[in-house]
Amino acid sequence: ASLRERLALRRTECEHLVQNELDQANVHFTLLAVALFDVVEGVLGSERAARLVDDCLNQPLRDEVIRGTRAMLDDAQDPFRAVVDASKHREREYFGPSFEFERLIDDEHGYVLRIRRCLFHEVLLACGRSELQPLLCRFDMNWSDAIDARRHHMSFVRPCTFATSSRCQMWFMRTDGDVASRLVVEAFEPLSALTHVEPGDVEAAIAAAQVRVSALAAEFTTAPGST
């Protein structure tokens, strides 16, 4: 079957997930990845087919998105506030009500977002292609890789996504803020549930996430072209 034919077939499997105009675009985006994988897997095998889908999905606009995001952050008086405002705008205008967001922390030091429902994930489940979830989740790196912790005084990390858990979480934190330490107190139960650890292990989970933040910051500040 051609890509167009496979896309039309897959669309019938997900019609029940389309509840509004935003859903149409988001479902179609996900189904493009599914249909392409369907068509090429038999020829290339699963591993090479996934790499091809990743190249088609994430690479074409990656450099442009990074440049645009970095320019926005560089020009912003407050890069942290700029990226949080952009995230909130996308929650409303790009994702919409078929995604369920919960703001565990939302103040001048950090923005901790938990996604309870993801339409991309539901489409992949409906199509029996959950193995493609990491490719969809990787799309966020097209903008988050523009964050330079040293220059923008903030860090971003995802402790888990729907590729590794039953939900997703995103942490936007000022590098001189206290969000990580406050999570133990203010988001004790949500964080425990999110990371699948017992309550006594929450501090260890926080420490592990802080290591990831530090590694991410080091990668940003040593990348070619960073200042």
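None of the values given here were measured: they were computed from a predicted structure.
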Indicate the atoms forming the closest heavy-atom contact of [X] with [Y], along with that distance.
X	Y	result
R116	R114	NH2-NH2, 2.9 Å
L132	A33	CD1-O, 4.0 Å
E5	S2	OE1-N, 3.0 Å
A50	L135	O-CD1, 3.5 Å
C127	V34	CB-CG1, 4.0 Å
F162	H121	CD2-CD2, 3.6 Å

> With a 6.0 Å cut-off on ring centres, are F80 and F156 close enough?
Replying inline: no
>> Looking only at the aromatic ring of each residue, does the gap between the centers of F99 and F120 stay below 6.0 angstrom?
In response: yes
Validation row: [X], [Y] side chains within 4.5 angstrom (heavy atoms):
X	Y	answer
N142	Q59	no
L36	L32	no
V83	M154	yes
R70	L73	no
Q169	L113	no
C168	C118	no
R10	D38	yes
L136	F29	yes

> Hey, are H152 and D74 close enough side-chain-wise for a donor-acceptor pair under 3.5 Å?
Replying inline: yes
> Under 3.5 Å, is there a donor-acceptor pair linking the side chains of S98 and Q19?
Replying inline: no
Nearest 0.5 Å, please: how far is [atom2] in [Y] from [atom1] in [X]?
X	Y	atom1	atom2	value
T30	L119	OG1	CG	6.5 Å
H28	Q24	NE2	CD	10.5 Å
I66	W143	CD1	CH2	12.0 Å
L124	F37	CG	CZ	11.0 Å
L52	L57	CG	CG	10.5 Å
D145	R62	CG	CZ	4.5 Å

Taking [Y]'s backbone N and O only, do any of them form a donor-acceptor pair with [X]'s side chain (distance below 3.5 Å, no angle check)?
X	Y	value
R158	C137	yes
T69	V65	yes
N26	V18	no

In terms of side-chain geometry, is the basic nitrogen of [X] or [Y] positioned less than 4.0 Å from the acidic oxygen of its partner?
X	Y	value
E108	R174	yes
R11	E15	no
R129	E13	no

> Got a sec: does the CD of E93 have more than 12 other heavy atoms crowding it under 6.0 Å?
Replying inline: yes
> side-chain contact (heavy atoms from CB on, under 4.5 Å) between S144 and M170: does it pass, once the steps are laid out?
Replying inline: CA-CA 11 Å; S144 66; M170 297 184 178; over 6 Å; no
> Is it the case that one hydrophobic cluster holds both L22 and Y94, taking links as side-chain heavy atoms less than 4.5 Å apart, direct or via other members?
Replying inline: no
> If two hydrophobic side chains count as joined below 4.5 Å and joins carry through other members, does L3 share a cluster with L9?
Replying inline: no
>> Evaluate I105 against D107 for side-chain contact (heavy atoms from CB on, under 4.5 Å), listing each step before the verdict.
In response: CA-CA 6 Å; I105 291 179; D107 61 25; 3.9 Å; yes
>> Do K88 and F101 form a cation-pi contact, if we require the NZ or CZ to be under 6.0 Å from the six-membered ring centre and within 45 degrees of the ring's axis?
In response: no
> How far apart are the C-alpha atoms of R90 and F95, what are their side-chain angles, what is the distance that settles it, and do they pass the side-chain contact (heavy atoms from CB on, under 4.5 Å) test?
Replying inline: CA-CA 6 Å; R90 282 169 56 81; F95 296 110; 3.5 Å; yes
